[in-house]
Number of protein chains: 2
Amino acid sequence: MSSTIKVLLAEDQSMVREALAALLGLEEDIEVVAQVARGDEVVAAAHAHGIDVALLDIEMPGCTGIEAAARLHKELPAVKLVVLTTFGRPGYLRSAMEAGADAFLVKDAPAAQLAEAVRKVLAGERVIDPTLAAAALAEGANPLTDREREVLRAAADGSTNAELAKALHLSQGTVRNYLSTAIQKLAARNRTEAVRIAREKGWL
Amino acid sequence: MSSTIKVLLAEDQSMVREALAALLGLEEDIEVVAQVARGDEVVAAAHAHGIDVALLDIEMPGCTGIEAAARLHKELPAVKLVVLTTFGRPGYLRSAMEAGADAFLVKDAPAAQLAEAVRKVLAGERVIDPTLAAAALAEGANPLTDREREVLRAAADGSTNAELAKALHLSQGTVRNYLSTAIQKLAARNRTEAVRIAREKGWL
DNA sequence: ACTGCGGGATGACAGATGTCATACGCACGG
DNA sequence: CCGTGCGTATGACATCTGTCATCCCGCAGT
């Protein structure tokens, strides 16, 4: 058993990443041994450094922190996973848990919770904001089918039906059908609102 | 002349705010004497602590860091202003400069630039990413009129024309006219895309 | 005094979007 | 073997959106 906890920090914004590293550096028992700025560099860095805990931001280029968590969990199941995010979206929590995360923290929680979470997951505990957990349970699972989600995501940038149809190799009518059902499932009044709602819930 | 530089830190996400404080705390000559989580608390805190430099995030509840900068610049012109943001949108840089900012930093710049910027602004220098400055000049000013911007912003959440008309006390036709001209000025194909483009440029 | 521009409005029109009924094939659970 | 849900598609219909021409008012510049 080593004397310090070895942590990998994955976060794309250098200033935030290094600031978090400085924060964790203040703790006697924690050492940030690796930093990456992209989701797709997580697994390699984890292998290279023999870490105990991975601290993963969700919003990252390459792949999301959630995808990175899933891969890491598969390859190095012993590594504890702390998922960190700007947005406390219930859907994110759900997917993080499904990806094998041990802790889920939002960035507007007090900084002290970060080091605390690292220690707790290493002790085998799970760390989840109870309010968020309640919200995740209350709102239920993502009601959208894979295809609906795909179409809605593609529609988010303002593409027209014709463009969506071409991009997704579907007929225009089918695109409209999917958007229509998505709009109804999300209780929205049009695609724009549907996108907003899906985003807020972390379903996109 | 005091021996340490007194800094106010305004940033809504506690974890990031405290991490940045930890980072600045590592510098011998810098002291974070006040932290606030809302834009509208900046001026009061600045008055209360007699600060040298204010470090302002843009995305904050209460009011944006840019508005806070403008107010602070008016009330305490001696205080140097460093604007910090997640998004390197040229329009943001422009408005920050107009609000009297002395430095403009994006969060994905190296952490070392933060302390450096604090020292430089205090020495009377301006600190601006040259790439971003070029982009801001290249794209020109916000082409939207006040009303167009207002309508576009209101339309961003998926409201229908009828709802926009009611909310803004306009006729439906007028709403459509404004959206139409906004769409054309932004070279978009519909309101959704117009919103996206305006957001990307920092014009919303 | 004239001109231009922004805010506000109307009416007409074309095209995009949302809804609905209906259909076919496929996979999966009972 | 039968129902159900999903993916895909079509056609018809109603409504929403985007465009355009045209108008009025007030204000700032020249």
Side-chain angles (χ1 to χ4, degrees), chain A residues 91 94-95 98 139-204, chain B residues 91 94-95 98 139-204:
Chain A
R94 185 180 292 265
S95 353
E98 283 166 8
E139 88 175 1
N142 189 336
L144 302 175
T145 68
D146 284 358
R147 227 42 184 140
E148 284 158 1
R149 199 166 357 92
E150 246 177 287
V151 176
L152 193 57
R153 200 185 303 133
D157 69 348
S159 301
T160 65
N161 284 335
E163 291 166 336
L164 294 173
K166 204 166 295 176
L168 300 168
H169 306 290
L170 291 172
S171 88
Q172 262 197 59
T174 306
V175 168
R176 285 177 13 199
N177 288 152
Y178 284 145
L179 285 174
S180 181
T181 60
I183 288 166
Q184 290 178 45
K185 284 180 178 177
L186 299 172
R189 283 196 289 316
N190 51 51
R191 59 182 71 192
T192 306
E193 199 181 11
V195 167
R196 182 175 58 77
I197 292 170
R199 278 223 179 97
E200 276 168 16
K201 305 231 183 195
W203 287 342
L204 211 56
Chain B
R94 184 178 293 263
S95 354
E98 283 165 9
E139 87 175 1
N142 188 337
L144 303 176
T145 68
D146 284 359
R147 228 43 184 136
E148 285 159 2
R149 200 166 357 94
E150 246 178 289
V151 176
L152 193 58
R153 200 184 306 132
D157 70 347
S159 301
T160 66
N161 284 335
E163 291 166 337
L164 293 174
K166 204 166 295 177
L168 300 167
H169 306 290
L170 291 173
S171 89
Q172 263 196 61
T174 306
V175 169
R176 285 192 309 170
N177 288 151
Y178 283 145
L179 284 175
S180 182
T181 61
I183 287 165
Q184 287 178 31
K185 285 180 178 177
L186 298 172
R189 284 197 290 314
N190 51 51
R191 60 183 71 193
T192 306
E193 200 183 7
V195 167
R196 182 174 60 76
I197 292 171
R199 279 222 179 98
E200 275 167 15
K201 305 232 181 193
W203 287 343
L204 210 57

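The shown structure was predicted, so the numbers you read here are calculated from the model rather than taken from an experiment. Below, chain A is the first sequence line, B the second, and so on; all start at residue 1.
Taking atom CD on B:Glu163 and atom P on D:dT15, their separation rounds to 16 Å, with Å as the unit. As a whole-Å value, the separation of A:Arg149 CZ from D:dC6 P is 12 Å. Rounded to an integer number of Å, the gap from B:Leu179 CG to D:dC20 P is 15 Å. Atom pair B:Ile183:CD1 and C:dA16:C1' shows a separation of 12 Å (rounding to whole Å applied). Protein atom CG of A:Leu144 is 11 Å distant from nucleotide atom P of D:dC6, rounded to whole Å.
Summarising the geometry, atom CZ belonging to A:Arg191 is positioned 6.5 Å from atom CD1 belonging to A:Ile183; distances are rounded to the nearest 0.5 Å. If you take CG on B:Asn161 and CG on B:Leu179, they are separated by 6.0 Å, rounding to the nearest 0.5 Å. Rounding to the nearest 0.5 Å gives a distance of 7.5 Å between CD of A:Gln184 and OG1 of A:Thr181. Note: A:Thr192 OG1 to B:Asp157 CG = 9.0 Å, rounded to the nearest 0.5 Å. Rounding to the nearest 0.5 Å gives a distance of 5.5 Å between CG of B:Leu168 and CG of B:Leu170.
Under a 4.0 Å N-O distance rule, the pair B:Lys166/B:Glu163 does not qualify as a salt bridge. Taking 4.0 Å as the cut-off between side-chain N and carboxylate O, B:Glu150 and B:Arg147 count as a salt-bridged pair.
At the phosphate of D:dT17, OP1 or OP2 sits under 4.0 Å from a side-chain N or O atom of B:Asn161.
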Item to check | Per-nucleotide protein contact string for nucleotides 4-14 of chain C, where B marks a base within reach and S marks sugar-phosphate only (heavy atoms under 4.0 Å, - for neither) | outcome: ---SBBB-B--
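When each of C:dG18, C:dT17, C:dC20 is scored by its nearest atom to the side-chain atoms of A:Thr160, the top-ranked nucleotide is C:dT17.
Of the residues in residues 189-204 of chain B, none lies under 4.0 Å from DNA chain C by heavy-atom distance.
Side chains of A:Trp203 and A:Glu139 form a contact here, defined as non-hydrogen atoms less than 4.5 Å apart.
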